[in-house]
Protein chains: 2
Amino acid sequence: MINERIRSEMLLSKLTTAEVAARFIKDGDTVATSGFTPSGYPKAVPLALAERAKAGEKVEITLITGASVGPELDGILAEVGVIKRRFPYQTDARMRNAINDGEIKYADMHLSHVPQYMDYGFFGDIDVAIIEAIAINADGGIVPSTSVGVSPQAVKNAKKVIIEINTSQSMDLEGIHDIYMTQKPPFREPIPITKSGDRIGTTYIPCDPDKIVAIVETNITDKVRPLGAIDEDSKMISKHIIKFLENEVTAGRLPENLLPLQSGVGSVANAVLGGLVDSNFTNLTCYTEVIQDSMFDLIDAGKVTVASGTSFTPSEEGLKRLNDNMAHYAKYCVLRPMEISNNPEVARRLGVISINTAIEIDMYGHVNSTNIMGSRMMNGLGGSGDYTRNAYISIFTTVSTAKDGDISSIVPMASHVDHTEHDVQIVVTEQGLADLRGLSPKERARVIIENCAHPDYREMLVDYLDRAEQTKFKHESQLMDEALSWHARFLATGSMKK
Amino acid sequence: MINERIRSEMLLSKLTTAEVAARFIKDGDTVATSGFTPSGYPKAVPLALAERAKAGEKVEITLITGASVGPELDGILAEVGVIKRRFPYQTDARMRNAINDGEIKYADMHLSHVPQYMDYGFFGDIDVAIIEAIAINADGGIVPSTSVGVSPQAVKNAKKVIIEINTSQSMDLEGIHDIYMTQKPPFREPIPITKSGDRIGTTYIPCDPDKIVAIVETNITDKVRPLGAIDEDSKMISKHIIKFLENEVTAGRLPENLLPLQSGVGSVANAVLGGLVDSNFTNLTCYTEVIQDSMFDLIDAGKVTVASGTSFTPSEEGLKRLNDNMAHYAKYCVLRPMEISNNPEVARRLGVISINTAIEIDMYGHVNSTNIMGSRMMNGLGGSGDYTRNAYISIFTTVSTAKDGDISSIVPMASHVDHTEHDVQIVVTEQGLADLRGLSPKERARVIIENCAHPDYREMLVDYLDRAEQTKFKHESQLMDEALSWHARFLATGSMKK
């Protein structure tokens with residue numbers, strides 16, 4: 001019943017079609033939407049907007065989201081040329097290609113910067129916000145669906161708000177959200193979270209009902225993505241991490257139930273976290289961005305007592321499992337605005353153990369999370385930087401080779417740097433784990449090569465390092481005419497091997 | 001009178017010579033000391049320790065300080081081979097040479113990481129702390145001198161504490177310090193600072209008097225460094241920044257009295273801040289690491305109402321001015337532990353405007369703060385990363401060329417990355433200012449080249465960028481076989497010019 005979801009007559013009078021709602025978006029507008037991973041993003045209105053472009057109308061927008069979104073938003077609008085500028089993260093193949101072809105101007109940002117960029121006015125005016133919701137309260141309060149992302153700031157700053165009421169989303173989501181926003185400096189106060197599960201806000205996003213220009217009903221489901229099967233490499237990476245964490249507990253450097261875990265998005269991250277199901281750890285907590293399938297396993301195994309994120313990011317089976325048992329999982333989960341889930345203040349206070357994936361890691365510990373061979377944008381760095389620098393322990397994982405062994409993920413110099421040596425403490429591949437804490441660069445290089453590089457590349461790395469250290473400067477030696485030669489060779493020959 | 005400074009009979013009984021005190025330091029020890037810039041570091045005991053090494057005794061230590069320290073500690077101990085490992089920052093020429101020669105293992109760290117590394121046990125045991133103080137209270141409470149740095153955590157974690165009572169330091173310093181320490185996760189609470197001048201702690205560092213093994217009296221002065229004369233380039237950089245800030249106020253993106261300023265250490269940083277004396281800004285506040293000479297000018301000009309830092313870092317004239325007017329300046333200044341002065345939580349809450357210096361900046365906005373030509377360690381990144389990523393606006397400055405024009409500070413690719421494109425918003429050289437907010441990489445490249453690069457290098461940069469953008473990937477294009485060729489050319493020929 002739509003009356004359960006649109007909770008006043010005044011609001012019901014704004015119910016309209018996606019086509020009519022999309023008319024509020026003008027050429028040149030900056031549009032901010034809900035959505036974080038393919039969860040909780042608007043679908044019907046973007047599809048209607050795409051139809052206008054297909055019909056030949058010139059309508060070009062700047063799109064700001066929480067993170068990646070599904071094909072009805074990023075994919076189709078990139079394809080029909082509606083999106084001209086994009087912030088702050090994406091994973092859709094059509095969007096990625098348009099970025100790498102130079103057709104869409106993309107700025108890859110720390111996710112925690114996005115909400116405050118909006119509040120500070122650095123994006124300029126936000127013309128329209130499009131927010132997927134499960135319901136709207138009589139006072140305009142918007143109850144989000146499977147993600148929160150940047151929606152609170154989008155609603156706060158937008159001139160016009162369009163709501164998509166998505167009836168495919170479970171009403172049991174109501175109550176799971178915890179909406180809290182900071183004030184702008186100089187009026188910002190401490191964020192009063194001291195434990196992962198603390199609730200400090202409202203279960204809805206406050207919204208002046210007069211700003212709501214249209215409400216659209218839809219039942220298009222989140223286009224969740226399959227998670228890769230848990231492979232041997234992921235299992236090995238997970239084992240190395242669990243052994244390391246056990247040692248830290250034994251050494252007295254971590255509590256027995258660890259500290260709140262943060263884990264990136266994707267199959268490897270899901271597998272790494274999933275490995276904890278078979279560990280001896282209990283009473284674990286998570287303070288992270290995305291709640292993936294393995295989190296449900298950990299909850300059901302009685303391992304995790306609370307999971308705080310900004311999004312559910314399940315596979316198709318995971319989504320069914322979540323929807324069938326929402327009331328159950330809701331007891332363990334909190335969905336927060338990404339301003340809070342990714343906040344450096346909270347991450348450092350709680351002392352998160354951050355686990356993020358890298359594209360490549362160099363021998364001194366610099367991490368490339370974004371640009372393959374220095375220039376090909378993959379997705380973006382997402383929240384990895386928000387957590388990493390403020391973590392109690394920061395961990396980066398990568399499989400030691402890619403492209404059937406033709407690419408070494410451990411290289412002399414990273415071809416693009418998203419996380420510097422100052423922010424990377426633990427490096428893990430299927431080969432092993434390197435603990436870089438307290439080491440000088442030349443010590444780091446030896447332990448990364450020995451413990452993490454694939455055997456096929458170890459000699460080449462040692463050879464490079466030895467020669468670099470014969471130059472005049474022996475602190476963090478690099479050969480300027482050779483540091484990126486592995487990448488140049490791959491681009492020329494299809495292999496980093498000699 | 002030493003009784004005014006050592007405030008109990010029990011403590012007076014621990015008064016001894018530097019030679020005796022230095023005997024508490026054993027071969028293999030990890031020693032943590034006071035000191036942040038050449039201010040408030042221990043002097044007499046390190047000099048006595050050096051004598052033991054000179055006499056042929058094998059005594060090798062790991063040294064952890066707040067930041068850089070003076071020659072009596074870093075310089076002489078590096079020279080006589082006592083320091084084998086060093087954290088987290090240094091500026092002494094002998095120390096720097098020993099690091100670049102590979103003789104001392106150095107890890108360049110974010111300063112905010114150092115106190116918690118100590119608390120978390122990541123440095124291992126802290127055997128001895130040596131703390132310069134102006135006084136010790138009867139309960140053991142240590143009143144620091146001209147800096148605080150990592151002293152609170154050094155005292156807390158050390159097995160033995162040695163105090164140097166330095167009678168050259170003004171007793172009027174008492175009351176200026178605000179000592180507050182966080183708990184380790186999972187017990188950490190919000191840091192209750194909401195304004196630069198908030199006082200939240202004690203005026204002394206708590207210390208169990210039983211841990212104090214020796215107290216030494218000395219009058220060796222801080223070996224402060226001269227500040228370079230304010231040159232034309234610095235004046236231009238300062239003017240560009242002030243104009244930018246004025247525009248931000250006009251656009252409504254900053255309050256009229258701005259937000260707390262953070263400014264790095266050194267002559268250029270001093271000059272940049274000093275430029276504000278002639279601006280129209282009033283009621284300014286500072287939340288920074290170091291309080292340099294120009295801050296006294298700003299206070300005396302009625303421009304700055306409060307300056308929070310972890311250290312006074314004056315020139316020789318500045319030190320005299322400070323000492324002659326300590327009671328006056330103490331009304332405006334707070335010295336905090338670097339855990340607090342550099343804390344991401346506080347920096348983001350207050351919304352600091354961070355202004356830091358770069359060695360080189362690449363056309364996409366990545367900043368090298370540490371390694372000249374990719375390999376020669378200069379000082380370290382210090383606190384720049386703590387502030388930059390959490391700033392309201394992050395600004396990096398550099399003069400557009402070095403070595404009489406043979407080095408361009410704007411390069412195709414940074415030869416070492418300490419701050420990534422994600423963290424750098426404003427780039428300023430004497431040529432002009434580039435506002436990178438919201439720009440895609442290729443837009444950033446054009447505005448940095450046009451506004452900031454030296455005219456001698458603009459054509460070369462545009463030529464490189466044009467050719468890079470003709471490759472397959474047009475988002476943040478680089479040529480892997482040419483990206484570092486400018487550095488290779490300089491190393492081979494002494495000039496980046498063709």
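Throughout, a chain's letter reflects where its sequence line sits, starting with A, and its residues are numbered from 1. Values below: all heavy atoms of this structure, side chains included; hydrogens, waters and symmetry mates excluded.
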Which residues share a salt bridge (Lys or Arg N to Asp or Glu O under 4.0 Å) with [X], sequence neighbours left out:
X: B:D198; answer: none
X: A:E103; answer: none
X: B:E421; answer: B:R444

Sidechain-backbone polar pair: [X] side chain, [Y] backbone, donor-acceptor under 3.5 Å:
X: A:H475; Y: B:R376; answer: no
X: B:R85; Y: A:G438; answer: yes
X: B:S375; Y: A:Q478; answer: yes
X: B:H110; Y: A:D423; answer: no

Side chain, backbone, both or neither of [X] within contact of chain A (heavy atoms, under 4.5 Å):
X: B:K472; answer: backbone
X: B:E482; answer: neither
X: B:N371; answer: side chain

Heavy-atom closest pair, residues [X] and [Y]:
X: B:M413; Y: A:L484; value: SD-CD1, 3.6 Å
X: B:Y120; Y: A:R253; value: O-CG, 3.5 Å
X: A:T420; Y: B:D418; value: CG2-O, 3.4 Å
X: B:Y392; Y: A:P185; value: CD1-CG, 4.0 Å
X: B:A107; Y: A:L439; value: CB-O, 3.7 Å

Any side-chain donor near an acceptor of the partner, A:H487 and B:D481, under 3.5 Å: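 B:D481 and A:H487 do not have a side-chain donor-acceptor pair below 3.5 Å.
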
Residue part contacting chain B, namely of A:A391, when any heavy atom lies under 4.5 Å: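 Backbone of A:A391 only, per the 4.5 Å heavy-atom cut-off to chain B.
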
Measure A:Q425 against the heavy atoms of chain B and call it side chain, backbone, both or neither at under 4.5 Å.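 It is the side chain, since no backbone atom gets that close.
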
Side-chain touch [X]/[Y], heavy atoms, less than 4.5 angstrom:
X: A:H416; Y: B:H366; result: yes
X: A:M377; Y: B:E476; result: no
X: B:E345; Y: A:R348; result: no
X: A:M480; Y: B:S415; result: yes
X: B:R188; Y: A:L350; result: no
X: B:E189; Y: A:T194; result: yes
X: A:I191; Y: B:P190; result: no
X: B:H422; Y: A:M109; result: no

What residues of residues 111-118 of chain B sit under 4.5 Å from chain A when you count only heavy atoms?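 Within residues 111-118 of chain B, the residues under 4.5 Å from chain A are B:S112, B:H113, B:Q116, B:Y117.
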
